[in-house]
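Please read the structure below before turning to the comments.
Throughout, a chain's letter reflects where its sequence line sits, starting with A, and its residues are numbered from 1.
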Amino acid sequence: MRMSRLLLKTLREPPADAELASHRLLLRAGLVMPLAAGLYCFTPLGWRTLRRIENIIREEMDRSGAQEIHLPALHPIELWEQSGRAEAMGQTLFRLADRKERGFALGPTHEEAVSFLAARSIQSYRDLPVTLYQIQTKFRDEARPRGGLIRLREFIMKDAYSFDAGWDALDESYQLAFDAYVRIFARAGVPVVPVAADSGAIGGKDSQEFVFLSETGEDEVLLCPGCGYAANAEKAEFRAPPPLPGDAAPMEKVPTPGQKTIAELANFLGLERRQTCKAVFYRADGRPVFVAIRGDLEVNETKLKNVLKAREVEALDDAAARAAGLIPGSAGPVGLTGIEVVADSSVTGAGGLVAGANEDGYHYLNVSYGRDWNAGVVAGIALARAGDACLQCGAELETRRGIEMGHVFKLGTVYAESMGVTYLDESGQRQPVVMGCYGIGLERMLAAAIEANHDENGIIWPPEVAPYDVHIVALNLDQAPVAEALAALEAALAEAGLSALIDDRDESAGIKFKDADLLGMPVRVTVSPRALEKGGVELRARRTGETTIVRIEEMPGAARQVATRPR
RNA sequence: CGGGGUGUAGCUCAGCCUGGCAGAGCGCUUCGUUCGGGACGAAGAGGCCCCCAGUUCAAAUCUGGGCACCCCGACCA
């Protein structure tokens, strides 16, 4: 490709409001152009890299035995009503109507659509297992698109769905998908860690996210340096700091005027936070819930939601809590009636805690679970934090932020049941198919490939996703020897199957070199009178900056070697 | 949805407080010089000052309303 004809406009300065390195570089290198919040145009160069990512995914999915299909992006709304997700997706679902006012939705994901296809294609255990995938545009009316290509309203996702005759068989399909993901991210130059994830209200069994660690990420993950345990914050399990030995003495009511927060209360009484029982109020699918947890811990709302089997939980503010008959600041589980009580296991195992007396300005000392109060539900619903002990090995957990690149999930039979995906087993019994789903966001991968591979001068493409293998800078092209050398170089590279972007523009050398660094092809080759005098053309590795003079006929081999050199 | 910020040339921004000719740098066009790290000179083109209403002799500037974009949070199969 000749740059003189390429639709490309690089920017010396990025738009001021781009903050992420990938966002800035995508714009500066002219790979994308914003159309509206969460919507981007791809230029030829940007699209080429996205296509290369797509091809890596396609190759590895095919290698794993998955079969590519295509499903509509436009779905009759009935499809979503059948699974119950028309409501569950809420405002995230883009809705529209056709000319006859029939309701439609733009697919935010494709479990329903693929189930429709599978239900009509799978009849017998002999048809199983099968894994289908597609690479398709998804639409989500996100509350807040952000970070350039990180969170979009329209984006391309590879989504795969496995269908098996039972949970054991699903384990195998899941493992195949998992292994394919490991290869995909490695080839694309995106370092990821698989972390255990919450499988949510949908049920299901295992769920893992492939997370690209980045301080700018939206997700928090906990990592154990001791045993390698990794989980996102919603899912992470841990061993809470042990309680202090409790006092077996009977409860005693004490005045605690003005002590509203756990920190104030502990300070006032000269105790540690973990000697207190904190009251937190939620609304779960409309009904108020009282949560008791040790004062040094926080509630993990995802765990709470799962324990309550609720679709949604939200914290109550003080006014709403008072309306529900609670006394913020002095609320406690003792003697509480008329409200559902959930106790974290941190308060049921500890004796002698301080808890609110449900009377403004008073608390009880020496409150013990079982003796003084009981809860309807007892469960581990505390949020893991940095420094907490790993449940498996006891080492201190670390927290990192990250961006979810891919997700593998043992769905189970939820969609099979609602969408009627069944098969007849060997004994002629109708059984629901056991499903798994596996997604990867393509634009996100592109952004992460840049986040993980750039320097102050621009992008450093991982070889397999670079839009071109070689960036040729031609200087003094009006001189016959340069033009001849360029032609010979082009032919040699083409012969070897290497793609090349050729800067034949009438620009100064400085501009061309700056653009070559910004655009980030793994190998830069300068064809110039100066290099020819030295007996060849100049090869420069983008990542290391090493330069050497190479004879043209040796260029393809040398370029390939540099481009594929491990980091 | 809550909080904060920003909307002026393709990009980065000044001008707004204190109303009075629409500005700079970069980019773009033409000519000349230059030609290995974003060169130099000269001449040009380019504007719905986000939108609507109001105040005023006069609004980019003041007032009200709206919209868009960015950041933080909530949300995120």
Side-chain angles (χ1 to χ4, degrees), chain A residues 9-20 23-24 27-28 30 33-39 80 83-93 105 107-114 138-148 150-153 155 157 159 161 197-204 207 209 216 218-219 232 234 301-302 305 311-315 317 403-404 407 409 411 414-415 435 437-439 441 457-458 473-479 482 503 505-518 524 526-534 537-538 540 545 547:
Chain A
K9 188 61 67 180
T10 59
L11 303 176
R12 186 177 293 211
E13 296 172 274
D17 50 21
E19 296 207 342
L20 288 187
H23 191 190
R24 298 169 70 87
L27 293 169
R28 274 197 64 205
M33 201 85 72
L35 175 67
L39 302 172
W80 288 83
S83 68
R85 286 210 293 179
E87 189 193 348
M89 293 287 303
Q91 294 194 295
T92 301
L93 195 63
T109 174
H110 280 74
E111 280 84 4
E112 282 81 357
V114 79
K138 314 281 178 185
F139 300 87
R140 295 183 190 180
D141 194 356
E142 293 286 350
R144 178 148 102 83
R146 71 179 95 186
I150 297 297
R151 180 172 289 281
L152 297 167
R153 290 194 292 178
F155 60 99
M157 180 187 255
D159 51 327
Y161 307 92
D198 178 60
S199 53
I202 269 178
S207 171
E209 289 173 0
T216 61
E218 306 174 70
D219 296 343
N232 78 20
E234 296 180 342
E301 295 185 9
T302 299
K305 185 160 68 176
R311 176 172 292 161
E312 227 172 321
V313 300
E314 56 176 339
D317 57 29
I403 302 166
E404 180 184 350
H407 198 162
F409 189 178
L411 272 182
V414 182
Y415 291 100
M435 289 173 61
C437 71
Y438 318 95
N457 295 314
V473 173
L475 300 179
N476 304 93
L477 239 189
D478 53 332
Q479 297 182 19
V482 174
D503 195 344
R505 295 174 303 170
D506 185 20
E507 294 287 357
S508 72
I511 287 178
K512 293 183 174 188
F513 288 140
K514 288 287 186 188
D515 274 346
D517 285 347
L518 176 60
R524 185 186 85 194
T526 306
V527 185
S528 67
R530 186 183 296 185
L532 291 173
E533 272 172 33
K534 294 182 188 165
V537 293
E538 180 192 87
R540 182 173 187 267
T547 61

Can you figure out which of B/C11, B/A39, B/G38 approaches the side chain of A/Pro15 most closely? B/C11

Assuming nearest nucleotide by heavy-atom distance, tell me which of A/Ala531 and A/Glu507 is located more 5' along RNA chain B. A/Glu507

Would A/Arg540 and A/Asp517 count as a salt bridge (Lys or Arg N to Asp or Glu O under 4.0 Å) here? Give the steps. CA-CA 10 Å; A/Arg540 182 173 187 267; A/Asp517 285 347; 3.2 Å; yes

In the structure shown, which nucleotide is the Watson-Crick or G-U wobble counterpart of B/G10, with both distances under 3.5 Å? B/C26

B/G46 versus B/A22 - spacing of their P atoms, nearest Å: 15 Å

Could you state the interatomic distance from NZ (A/Lys138) to CG (A/Asp159), rounded to the nearest 0.5 Å? 3.0 Å

Side-chain atoms of A/Ser528 come closest, of B/A77, B/A74, B/G36, to B/G36

A/Leu518 has an atom CG; how far is it from atom P of B/G27, in whole Å? 15 Å

Give the rounded distance in Å between these two atoms: CD of A/Glu142 and C1' of B/C71. 17 Å

Sugar-phosphate, base or nothing in reach of A/Ala143, heavy atoms under 4.0 Å: base

Could you tell me which nucleotide pairs with B/G64 by Watson-Crick or G-U wobble geometry, both distances under 3.5 Å, or answer none if nothing does? B/C52

Which atom of A/Asp219 lies closest to which atom of A/Glu209, heavy atoms considered: OD2-OE1, 4.0 Å

Which part of the nucleic acid does A/Gly147 contact within heavy-atom distance under 4.0 Å: base, sugar-phosphate only, or nothing? sugar-phosphate

B/C31 and B/C50, which share atom name C1', separated by this distance in whole Å: 38 Å

Determine the interatomic distance between P on B/C11 and the same-named atom on B/C69; round to the nearest Å. 15 Å

Using OP1 and OP2 only, check whether a side-chain N or O of A/Thr92 sits under 4.0 Å from B/C76. no

Evaluate the criterion side-chain contact (heavy atoms from CB on, under 4.5 Å) for residue pair A/Arg524 and A/Glu538; output intermediate values, then yes/no. CA-CA 8 Å; A/Arg524 185 186 85 194; A/Glu538 180 192 87; 3.5 Å; yes

Among B/G37, B/G36, B/A39, the one nearest any side-chain atom of A/Leu475 is B/G36

What's the CG-P distance between A/Asp506 and B/G38, to the nearest Å? 17 Å

Euclidean distance for C1', B/A68 against B/G27 (whole angstrom): 25 Å

Listed nucleotide nearest any side-chain atom of A/Glu538, set B/G37, B/G36, B/C11: B/G36

Scan A/Pro34 against the nucleic acid and name what it touches under 4.0 Å (heavy atoms): base, sugar-phosphate only, or nothing. nothing

Whole-Å distance, A/Arg146 CZ to B/G73 P, equals 7 Å

Can you tell me the Watson-Crick or wobble partner of B/C1, both distances under 3.5 angstrom? B/G73

For a quick check of understanding: with a heavy-atom distance under 4.0 Å over all strands, which category does A/Ala18 fall into, base, sugar-phosphate or nothing? nothing

Identified pairing partner of B/C21, criterion: Watson-Crick or G-U wobble below 3.5 Å: none

Contact class for A/Glu112 vs. all strands (heavy atom < 4.0 Å): base, sugar-phosphate, or nothing? nothing

Closest of B/A74, B/C28, B/A77 to the A/Arg140 side chain is B/A77

Between B/C48 and B/G44, how far apart are the C1' atoms? Round to whole Å, please. 24 Å

Using Watson-Crick geometry (N1-N3 plus N6-O4 or O6-N4) or G-U wobble (N1-O2, O6-N3), each under 3.5 Å, B/G37 is paired with none

Rounded to whole angstroms, how far apart are CG on A/Asp141 and P on B/A77? 15 Å

Looking only at side-chain N and O atoms, does A/Arg144 come under 4.0 Å of OP1 or OP2 in B/C72? yes

Using whole Å, report how far CZ of A/Arg153 lies from C1' of B/C76. 15 Å

Between A/Thr10 and A/Asp478, name the one whose nearest nucleotide on RNA chain B is closer to the 5' end. A/Asp478

Looking at the side chain of A/Lys514, which of B/C69, B/G37, B/A77 is the nearest nucleotide? B/G37

Distance-only donor-acceptor test, A/Asp515 side-chain atoms vs B/G38 base atoms, 3.5 Å: yes

Span that lies between the P atom of B/U56 and that of B/C49, in whole angstrom: 23 Å

Smallest heavy-atom separation, A/Ser207 atom then A/Asp198 atom, equals OG-O, 3.8 Å

side-chain contact (heavy atoms from CB on, under 4.5 Å), that's the test. Do A/Arg505 and A/Ile511 meet it? Break it down for me. CA-CA 10 Å; A/Arg505 295 174 303 170; A/Ile511 287 178; 4.2 Å; yes

Distance alone, cut at 3.5 Å: any donor-acceptor contact between the side chains of A/Thr10 and A/Asp515? yes

Sticking with atom P, work out how far B/C16 lies from B/G3, rounded to a whole angstrom. 29 Å

Using a 4.0 Å heavy-atom cut-off across all strands, classify A/Met33 as base, sugar-phosphate, or nothing. nothing

Please pick, from B/A77, B/C71, B/C69, the nucleotide with the shortest atom-to-atom distance to any side-chain atom of A/Glu19. B/C71

Does a sphere of radius 6.0 Å around CG in A/Asp506 hold more than 12 heavy atoms from other residues, nucleotides or ligands, not counting ones at 6.0 Å or beyond? no

Taking only the side-chain heavy atoms of A/Arg28 (C-beta and beyond), determine which of B/G38, B/C75, B/C76 contains the nearest atom. B/G38

Atom-to-atom span, CZ of A/Phe409 to C1' of B/A77 - whole angstrom: 8 Å

Heavy-atom count around A/Gln91 CD within 6.0 Å, excluding the residue itself: above 12? no

Using the C1' atom as the reference point in each nucleotide, state the distance between B/A45 and B/A9 in Å, no decimals. 11 Å

Roughly how many Å is it from CZ in A/Arg12 to C1' in B/C13, rounded to a whole number? 15 Å

Could you check which of B/G38, B/G37, B/A74 has an atom nearest any side-chain atom of A/Ile511? B/G38

Taking the side chain of A/Ser508 as heavy atoms from C-beta outward, which of B/C75, B/A77, B/A39 is closest to it? B/A39

